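First up is the structure itself, then whatever we jot down about it.
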Amino acid sequence: MPGDVAFMEKLVALCKRRGFIFPSSEIYGGINGFWDYGPLGVELKRNIKNAWWQDMVVNPPNGPDGNEIQMVGLDCSIIMNPKVWVASGHATGFSDPMVDCKACKARFRADQFRVVALTADAFSDTAAGSQTFVFSGYGARDEVLEANRKKVEKIAKAQGGDNVLEIRTFLDVRPSARAFVPCPECEQRGHLTDPRSFNLMFKTFVGAMEDASAEAWLRPETAQGIFANYKNVLDTSRVKIPFGIAQIGKAFRNEINPRNYTFRSREFEQMEIEYFCRDEDSMKWYEFWRTTRYQWYVGLGLKSEKLRLRDQTKEELAHYSRACADIEYLFPFSDEHQELEGCAHRGCFDLTQHMQHSGADLNYFEEELWAKFLAERKARGEPELTKDQKSEIAGKPPYRYLPTVIEPSAGADRATLAFLCEAYTEDQKPDAKGAMQTRVYMRFHPRLAPIKAAFLPLVNKDGMPELAEKLYRDAKKHFNAFYDDSGAIGRRYYRQDEAGTPYCVTIDGDTIGATNAQHPGTVTIRDRDTLEQVRVNHTRVIDWLREKIGV
RNA sequence: GCGGGCGUAGCUCAAUGGUAGAGUAUCAGCCUUCCAAGCUGAAUGUUGUGGGUUCGAGUCCCAUCGCCCGCUCCA
């Protein structure tokens, strides 16, 4: 859908011009689906990732019971044992065979492409038998039958029975018979391609020999590294359920068609939490993370109605998933909301899969609960359990079990793009000559702003540059600051507006104690959004800024 | 992958098939006491890339790459 193309073009131009985002390998003509962050962009994205780490790992909010949340970090390798992706389902689920119709240009997933024939021979026999393909359809088996009900009834009547039709997917059609299958869209025969595999995983080779035994994959998500290390974390960090493991890292997907600026990139960065809890508490934790994560975006400035929290419908849920909420943003390139983050209730699907495929015991044992159970028995004077009885009881819930997982999985690049879109603001104001000018400014939350403050001598004389530079160097000990002494003051303010710098500190005659100074020793601090200025003594300006910025 | 559009200086755009230019931004200097276009000077291009037609191609033709829009796809 079109969205606001003009807005998007202006934002993309600003990002390029000011050094937020560049196309990857641009001097070689670029490469579709890959992007680089420039000097301002890297600060913005790092601030977003740091805010996430600070707010989710270092100092997360209290949980629903009011207790401190246990959260530890992790940084896993991008390439893992290929068996990981078999266990997770990505090896099969990520690879879809597609069929194209060369006549009408339609494309179909071969496993959703239903071919209906009069006889089973059509699928397995010679070309002659294939003449009995009567029609085809796209979607679930029942949908296809429903959509073609009249045809089905007519055939049933002619054949004198009910279950006369053979329905299989295109994958079951013999290569020699494919030419006789009609296209679900245009119904023409003989224009369908062979099923071609669209594998969304990036393949690589471990070691210098590129043979099949060396095949490996770049991870399509960071989550599996967490599951694979779940036991290690449990054994080394003294965490107890409920607890979370968090990770920020790159992931790779061979998107069929990267589009919409950095939104659908082939290399991207995720910020993921796997939160492990008891199954009976899981919906409570799901609700907690769902709102906590939504509020996190709001608190950092994504507060317009463009941000929304949407619960997935039953039909959208993966088969193992009990609930999932998407945090979505209405980007200017689309008139539909797009996903920034998914908060999924994954049950114990992932740990079950990895336990089965790896053979490792990933069960959690409730030591405290077990000790309590034994103590209570003793207190009641009940006879001591035998070794066999103990292992029987201790081996099952509630003492030994696979925890349930809540997964808030956020896209760092998508969040960065959303914050960029939300920040972009234009307004009209008169310039020094009274002509109306468009002012463009990036309204970043101070925590996210690439540059927190700029230090500007009003004129380059009388010691103003020297004092401005001293303040600038003091400020840099605490936060990212900028010094600029070139050009008219208005022009310098404007440059900082485009970079999204929340505060500009100007050193003027009053600061250096000029004879007619009304407020000796003070600088002016200009607010990016309101354009209002306050005077603060130059000895207090760093503290003033630190308090405002929160560093 | 298909269809349509676009590629000239960092950016915005000029240039009948005949010497590639302007504005802006950048840099150096001057001038400047608060909201981008004050003065002087400097630097800036294999016209996306590769072929072809032509005495001569930014311009015409072909191919290719990239971007934008639509379709398709999106575990």
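Order of the sequence lines sets the chain letters (A, B, ...), proteins ahead of strands, with each chain counted from 1. Small disclaimer: the values here were computed from a predicted structure and weren't measured.
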Restricting to non-hydrogen atoms, name the atom on A:N260 and the atom on A:L417 that form the minimum distance, rounded to 0.1 Å.
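Closest approach of A:N260 to A:L417, heavy atoms only: O-CD2, 4.3 Å.
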Which part of the nucleic acid does [X] contact within heavy-atom distance under 4.0 Å: base, sugar-phosphate only, or nothing?
X	answer
A:L531	base
A:N460	base
A:R264	base
A:T524	base
A:I489	sugar-phosphate

Measure CG/A:D527 against C1'/B:C35 and give the value in whole Å, please.
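Distance check: A:D527 CG to B:C35 C1' gives 13 Å.
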A:D485 CG to B:U26 P, straight-line distance once rounded to whole Å:
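That distance rounds to 13 Å.
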Distance-only donor-acceptor test (3.5 Å): side chain A:R526, base B:C35
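Indeed there is one.
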Spell out yes or no: do the side chain of A:Q533 and the base of B:C34 have one donor N/O and one acceptor N/O closer than 3.5 Å?
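Between B:C34 and A:Q533, which were checked side chain against base, a qualifying N/O pair under 3.5 Å is present.
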Inter-nucleotide C1' distance (B:A22, B:C55), Å rounded:
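That atom pair is separated by 31 Å.
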Separation of the P atoms in B:U49 and B:U59, to the nearest angstrom:
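Approximately 11 Å lies between the P atom of B:U49 and that of B:U59.
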Is A:R322 positioned over the aromatic face of A:Y286, cation under 6.0 angstrom from the ring centre and no more than 45 degrees off axis?
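No, A:R322 does not sit over the ring of A:Y286.
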A:Y320 six-ring face occupied by A:R346 cation (under 6.0 Å, within 45°)
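Negative - A:R346 is either too far from the ring of A:Y320 or too far off its axis.
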Looking only at side-chain N and O atoms, does A:Y230 offer a donor or acceptor that is under 3.5 Å from a partner on A:E274?
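A:Y230 and A:E274 do not have a side-chain donor-acceptor pair below 3.5 Å.
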A:D508 and A:T511: side chain donor to acceptor below 3.5 Å:
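The criterion, which ignores hydrogens and geometry beyond distance, is satisfied for A:T511 and A:D508.
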Output the pairing pattern of RNA chain B as a dot-bracket string, 5' first, Watson-Crick or G-U wobble with both distances under 3.5 Å, | for cross-strand pairs, [ ] for crossing pairs.
(((((((..((((....[..)))).(((((.......))))).....(((((..]....))))))))))))....
